[in-house]
Amino acid sequence: MRSIRAAAVGAVTMSLALAASACGGGSSTGGGSNDSPKTLTYWASNQGASIAVDKKVLQPELDKFEKQTGIKVKLEVVPWSDLLNRILTATTSGQGPDVLNIGNTWSASLQATGALLPWDAKNFDKIGGEDRFVDSALGSTGAQGKDPAAVPLYSMAYALYYNKKMFADAGIAKPPATWDELIADGKKLSKGGKWGLGAEGSNPSENIHHTFVFAKQHGADFFTADGKPDFTSDGAVAAVKQYVDLMAKDKIIAPGNAEYAQNQSVSDFAKGKNAMLLWQSASSNLTSQGMSEDAYGIAPMPVQSGTPGTGTNVNSMVAGINMAVFKNTDNLDGATKFVKFMTGDAEQKILNTAYSTIPPVKTAQSDAAFNTPANAVLKDTLAKSAVALPQVADESQFETAIGTAVKELFADAAAGRAVTTASVKAKLEKAQQQMPKK
């Protein structure tokens with residue numbers, strides 16, 4: 001999901017949402033209806049460099065849908081910092097949109113509220129069938145063994161973006177493939193007020209995405225096979241420490257990045273302040289900030305050793321945006337038609353081109369527009385070396401607890417306080433204590 005998201009929601013909020021087993025959407029009846037067949041409300045996530053950019057991308061497509069169906073879509077683009085709280089409030093109040101975007105990592109948590117329309121075989125048939133979508137995207141639509149709570153809309157993967165001129169000036173011939181290489185390159189590049197790498201240290205979601213990948217590379221996970229939190233294993237502790245050490249020990253990330261939470265690292269990269277950026281499908285964002293596509297290269301995210309591949313060489317989480325429908329919408333037929341429209345081949349090409357994302361629809365993904373060298377890196381990552389974040393009901397609390405722990409560790413690093421194995425483990429123990437008791 002888009003990295004500027006901040007899942008600032010505690011266990012108390014989620015427990016309230018879990019109690020609202022049939023709430024949400026536009027209807028107060030607790031079940032879907034077609035009482036308002038001519039209108040839909042749609043909460044879109046902030047995918048572009050600004051909300052204004054999103055409105056410019058989306059409104060022509062919504063106008064097209066209205067012309068085809070006679071259904072007017074009332075659009076609101078919601079910032080990631082507000083989106084999850086807004087959704088959870090809607091699940092408890094019963095007052096929300098008909099259709100909404102959710103980060104795919106939230107799928108199982110929001111599924112557990114019972115507020116979202118299940119996408120069973122009958123509902124999937126209404127939009128062309130489940131087999132239209134790629135497996136990696138379907139893997140982040142809800143808990144295993146249950147009907148998906150959402151439908152894939154945009155697929156993303158992390159990649160390493162690097163400034164070609166800064167690399168050339170430093171005598172670096174190729175992008176790093178391992179973390180040791182990235183650190184060595186980063187030290188060469190961190191001089192003259194510029195830094196090797198950017199980060200969003202105050203963004204819990206960005207922290208989670210990276211530490212999850214590091215944990216996988218260390219052969220660890222943050223949950224046991226039966227879904228219980230396991231935050232303090234040796235692999236998990238090593239993963240968090242390795243990520244924070246890029247600032248604390250290796251000193252290739254500026255201390256000020258500990259306060260970054262809203263896209264600032266992308267802006268710094270576009271301005272040439274940082275030589276490298278670890279980001280999800282960043283091309284359109286960089287273009288909107290004035291950086292030419294010729295100015296940067298795209299490579300797979302680093303691994304511990306070797307090259308990206310299966311097993312411990314995971315180098316991205318399966319990132320993306322899903323579309324969901326509140327179960328008690330008052331335009332159930334219209335909402336289904338809208339999902340079908342947005343996931344149709346034509347719209348998939350338009351929208352994913354605009355956001356430099358990858359279509360989760362197989363036929364759209366094969367289009368020539370998505371076979372550029374940049375997209376090839378993202379597609380290959382999604383197909384071969386990306387894995388979904390845990391699809392468990394407590395995923396949102398996990399993001400908040402661990403993401404905040406990492407945020408605090410970055411603050412320690414920026415302030416010059418030691419980040420040790422013991423201090424990392426203590427933070428993770430505290431985070432685990434914040435999780436709901438089973």
Working note: N322 + N104, criterion side chain to side chain donor-acceptor pair (under 3.5 Å); need CA distance, chi angles, decisive distance, verdict. CA-CA 6 Å; N322 294 342; N104 64 358; 5.1 Å; no
Can D82 and R86 be said to form a salt bridge (Lys or Arg N to Asp or Glu O under 4.0 Å), step by step? CA-CA 6 Å; D82 299 334; R86 292 278 301 275; 5.6 Å; no
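Remark: Q280 CD to L277 CG distance equals 10.5 Å, nearest 0.5 Å. Distance CG/D250 to CG/L182: 9.0 Å, rounded to 0.5 Å.
Residue T91 comes nearest to A115 through the heavy atom pair CG2-CB, 3.7 Å, listed as atom of the first residue, atom of the second, then distance.
Judged purely by distance below 3.5 Å, without hydrogens or angles, the side chains of E399 and T105 pair a donor atom with an acceptor atom. Under 3.5 Å, the side chains of Y162 and D185 contain no donor-acceptor pair of N or O atoms. Remark: the Q289 side chain and the S267 side chain contain an N/O donor-acceptor pair separated by less than 3.5 Å. For the 3.5 Å distance criterion, the side chains of Q47 and S45 qualify, holding a donor opposite an acceptor. A donor-acceptor contact closer than 3.5 angstrom is absent between the side chains of T178 and D180. For K216 and N313, the side-chain atoms include no donor-acceptor pair closer than 3.5 Å. Judged by distance alone, the side chains of E200 and S265 do bring a donor and an acceptor atom under 3.5 Å apart. Side chain to side chain, E206 and W279 fail the donor-acceptor criterion of an N or O pair below 3.5 Å.
Surrounding CG of N34 are more than 12 heavy atoms belonging to other residues, nucleotides or ligands, all under 6.0 Å away. Around the NZ atom of K407, the shell of radius 6.0 Å holds no more than 12 heavy atoms that belong to other residues, nucleotides or ligands. The environment of K362 atom NZ is dense: over 12 non-hydrogen atoms of other residues, nucleotides or ligands sit within 6.0 angstrom. Counted within 6.0 Å of CD on E259, heavy atoms from surrounding residues, nucleotides or ligands total 12 or fewer; the atom is thus considered open. Atom NZ of K249 is surrounded by 12 or fewer heavy atoms from other residues, nucleotides or ligands within 6.0 Å.
In this structure, the side chain of Q111 does not engage the main chain of S107 through any donor-acceptor pair within 3.5 Å. Counting only distance, with no hydrogens or angles, the side chain of S109 and the backbone of E395 share a donor-acceptor pair below 3.5 Å. Between the side chain of D345 and the backbone N or O of T363, no donor-acceptor pair lies under 3.5 Å. No side-chain donor-acceptor contact under 3.5 Å links T141 to the backbone of P148. In terms of modelled atom types and a separation under 3.5 Å, the side chain of T92 and the main chain of T89 share a donor-acceptor contact. No side-chain donor-acceptor contact under 3.5 Å links N315 to the backbone of P302. Remark: the backbone N or O of N123 is paired with a side-chain donor or acceptor of D120 at under 3.5 angstrom. Panel note: side chain S288, backbone N285; a donor-acceptor pair is recorded below 3.5 Å. In terms of modelled atom types and a separation under 3.5 Å, the side chain of N375 and the main chain of N371 share no donor-acceptor contact. Of the possible donor and acceptor atoms, one in the side chain of R132 sits under 3.5 Å from a partner among the backbone N and O of T343.
Ring-centre distance between Y243 and F410: below the 6.0 Å cut-off. Between W80 and W43, the distance separating the two ring centers is not shorter than 6.0 angstrom. In summary, the aromatic rings of F212 and F222 are positioned with their centroids too far apart to meet the 6.0 Å limit. Less than 6.0 angstrom separates the ring centroid of F65 from the ring centroid of F338.
Contact of the Q144 side chain with the Q391 side chain is not registered, since no non-hydrogen atoms from C-beta on lie closer than 4.5 Å. Annotation: side chain of P79 is in contact with side chain of I51 (closest heavy-atom distance under 4.5 Å). Y161 places none of its side-chain heavy atoms less than 4.5 Å from the side chain of M276.
Between K126 and D333, no side-chain nitrogen of the basic residue sits less than 4.0 Å from a carboxylate oxygen of the acidic one, so the salt-bridge criterion is not met.
None of T41, N331, T39 except one satisfies the side-chain hydrogen bond (donor to acceptor under 3.5 Å, both in side chains) rule with D98; the exception is T41.
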